[in-house]
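Taking it in order: structure first as structure tokens, then the write-up.
What you are looking at is a predicted structure, and each value in this text was computed from that prediction instead of being measured.
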Amino acid sequence: AGDQKFARFTSCSFISRTPRVELKELSGELLITNETARANDFVIRTSRSNLRLSASLNKVNLLRGLSLAGLREATVNLTVQASRIDFGEVREFIPQLGFMNNPVSLELAAGGEFREVKIRKLGIHFGETRLNLQGTVDNLYDPGNLRLNVRLPDSRVSPDDIQDLLPGLHLPEYRSVGPASLNMEFSGSPVDFRTKLLLSAKAGTVSSDMTLAIGGPEVLKYKAALDFQDVNLAKVLDEPALESRLTGSGQIEGSGVSI
């Protein structure tokens, strides 16, 4: 049957002062062979977070080491259900996330070949905010050629939630705008992409279609179209004197820093 490593965690708990975390439960099964690696029904529960996950990686031999290039033909499956992930706790392990705070709930189902991973469902909920993402991530084995084709349908964003989740970024406050429905699409690489957005709230409706390319002979190239309908600046800027109902459109196109 070949070499294999197997471990079963039935009960594990501890309290750590640095990082500050209280692990209440760690359980699950881990199997590694010369053809696959699997984590079955792992439960991680702390005093502030609670998640369950299962994952498998096939057509790969982790017993001989791991390289991203060697994962090209590998297949992966991942499911995560987290009723609560507290970023105040996560930043104990990842200080770079110090700008984040408060808990979120998360549900993820993804799988496929490493060269084309399908995100069947990614739901992130916090407060009144609901983000629902679907799509594909291509070339995970080759970060330089990473491509995404994802969409955020039927989502909802509350400015209050964004402020509470990301206090360290000191973002502009738009609490007066109120909750908004959000639909968004993104296709391309992180440096050469097209994104479409539709945002609708009591303060009005805004849609945009933008392409952006970074690098190459022109260093920076961009094109964007913006449409807005019934936009009330009084709500956007929280200034009653600017009561309005604006409708219009605009376009911008350029390269480098010229328009």
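- Residues S181 and R156 form no side-chain contact, since every pair of their non-hydrogen atoms from C-beta on lies 4.5 Å or further apart.
- We find the CD-OG distance between E25 and S27 to be 4.0 Å, quoted to the nearest 0.5 Å.
- Side chains of N101 and F87 form no contact here, defined as non-hydrogen atoms less than 4.5 Å apart.
- Of the inter-residue distances, the one linking E107 atom CD with T79 atom OG1 reads 9.5 Å to the nearest 0.5 angstrom.
- Residues G178 and P159 share a closest heavy-atom pair of O-CD, 3.2 Å.
- L198 and F228 sit in two unconnected hydrophobic clusters of ILVMFWY residues. Membership requires side-chain heavy atoms under 4.5 Å apart, directly or through other members.
- A pairwise comparison of heavy atoms in L63 and I32 identifies CD2-CG2, 3.8 Å as the closest pair.
- Under a hydrophobic-cluster definition in which Ile, Leu, Val, Met, Phe, Trp and Tyr are linked whenever side-chain heavy atoms come within less than 4.5 Å, directly or via other members, L23 and L53 are assigned to the same cluster.
- L26 and F6 sit in two unconnected hydrophobic clusters of ILVMFWY residues. Membership requires side-chain heavy atoms under 4.5 Å apart, directly or through other members.
- E29 CD: more than 12 foreign heavy atoms inside a 6.0 Å radius.
- Put simply, the side chain of T211 never gets that close to the backbone of R194: no donor and acceptor are under 3.5 Å apart.
- Counting heavy atoms from C-beta outward, L140 and L68 have side chains that stay 4.5 Å or more apart.
- The minimum heavy-atom distance linking S176 with V236 is given by the pair OG-O, 4.1 Å.
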Would you check, one step at a time, whether the test side chain to side chain donor-acceptor pair (under 3.5 Å) holds for S187 with N149?
CA-CA 4 Å; S187 59; N149 186 4; 5.1 Å; no
Run the side-chain contact (heavy atoms from CB on, under 4.5 Å) check on V21 and F14 step by step: do they pass?
CA-CA 8 Å; V21 63; F14 61 80; 4.3 Å; yes
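- When side chains are defined from C-beta on, L133 does not count as touching F186, because their heavy atoms never get closer than 4.5 Å.
- By the criterion of side-chain heavy atoms lying less than 4.5 angstrom apart, applied directly or through intervening Ile, Leu, Val, Met, Phe, Trp or Tyr residues, Y174 is not grouped with L171; the two fall into different hydrophobic clusters.
- Within the 4.5 Å cutoff, the side chain of N61 has heavy atoms near those of the R64 side chain.
- Considering every non-hydrogen atom in both S54 and N40, the closest pair reads OG-C, 3.9 Å.
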Please determine whether side-chain contact (heavy atoms from CB on, under 4.5 Å) holds for the pair H170 and F99, giving the CA-CA distance in whole Å, both sets of side-chain angles, and the decisive distance to 0.1 Å.
CA-CA 9 Å; H170 306 292; F99 59 89; over 6 Å; no
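- Atom-to-atom distance recorded for S105:OG and I85:CD1 is 8.5 Å, nearest 0.5 angstrom.
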Verify side-chain contact (heavy atoms from CB on, under 4.5 Å) between V177 and K202, making sure each step is shown before the conclusion.
CA-CA 7 Å; V177 172; K202 290 183 178 180; over 6 Å; no
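- Note that CD of E22 is 4.5 Å distant from CD1 of I15, once rounded to the nearest 0.5 Å.
- A heavy-atom distance below 4.5 Å is not found between the side chains of L148 and D138.
- Sorted by first and then second residue, the pairs that involve residues 173-191 and meet salt bridge (charged side-chain N to carboxylate O under 4.0 Å, His left out), not counting sequence neighbours, are D160-R175, E173-R175.
- Between V76 and E113 the shortest side-chain heavy-atom distance does not fall below 4.5 Å.
- Going from atom NE2 of H125 over to atom CG of N132 covers 5.0 Å, rounded to the nearest 0.5 Å.
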For L106 and V80, what are the C-alpha separation, side-chain angles and deciding distance, and is it a side-chain contact (heavy atoms from CB on, under 4.5 Å)?
CA-CA 7 Å; L106 180 147; V80 179; 3.9 Å; yes
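- Of the possible donor and acceptor atoms, one in the side chain of N183 sits under 3.5 Å from a partner among the backbone N and O of D154.
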Could you go through E89 and S49, starting from their C-alpha distance and side-chain angles, then the distance that decides it, and tell me whether this counts as side chain to side chain donor-acceptor pair (under 3.5 Å)?
CA-CA 8 Å; E89 186 174 53; S49 301; 2.7 Å; yes
Would N232 and E243 count as a side chain to side chain donor-acceptor pair (under 3.5 Å) if you check the C-alpha gap in whole Å, the side-chain angles of each, and the deciding distance to 0.1 Å?
CA-CA 6 Å; N232 186 349; E243 187 72 26; 2.9 Å; yes
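- Put simply, the side chain of E92 gets close to the backbone of R20: a donor and an acceptor are under 3.5 Å apart.
- At least one side-chain heavy atom of L71 sits less than 4.5 Å from a side-chain heavy atom of L57.
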Could you walk me through whether R151 and Q134 pass the side chain to side chain donor-acceptor pair (under 3.5 Å) test, one step at a time?
CA-CA 6 Å; R151 59 192 185 95; Q134 300 171 334; 2.9 Å; yes
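- Atom-to-atom distance recorded for I119:CD1 and L108:CG is 7.0 Å, nearest 0.5 angstrom.
- Counting only distance, with no hydrogens or angles, the side chain of T205 and the backbone of Q229 share no donor-acceptor pair below 3.5 Å.
- Linking Ile, Leu, Val, Met, Phe, Trp and Tyr whenever their side-chain heavy atoms come within less than 4.5 Å leaves V206 and L131 in two separate clusters.
- D161 contributes a side-chain N or O that, together with a main-chain N or O of T129, makes up a donor-acceptor pair within less than 3.5 Å.
- Considering all non-hydrogen atoms of both residues, L62 and A37 come closest at CD1-CB, 3.4 Å.
- Remark: the backbone N or O of D164 is paired with a side-chain donor or acceptor of N102 at under 3.5 angstrom.
- Although no hydrogens or angles enter the test, the distance criterion places a donor-acceptor pair under 3.5 Å between the side chain of T46 and the main chain of R48.
- The two residues Q163 and P172 have their closest heavy-atom pair at NE2-O, 3.0 Å.
- Looking at D142 and R115, no side-chain N of the basic residue comes within less than 4.0 Å of a carboxylate O on the acidic one, giving no salt bridge.
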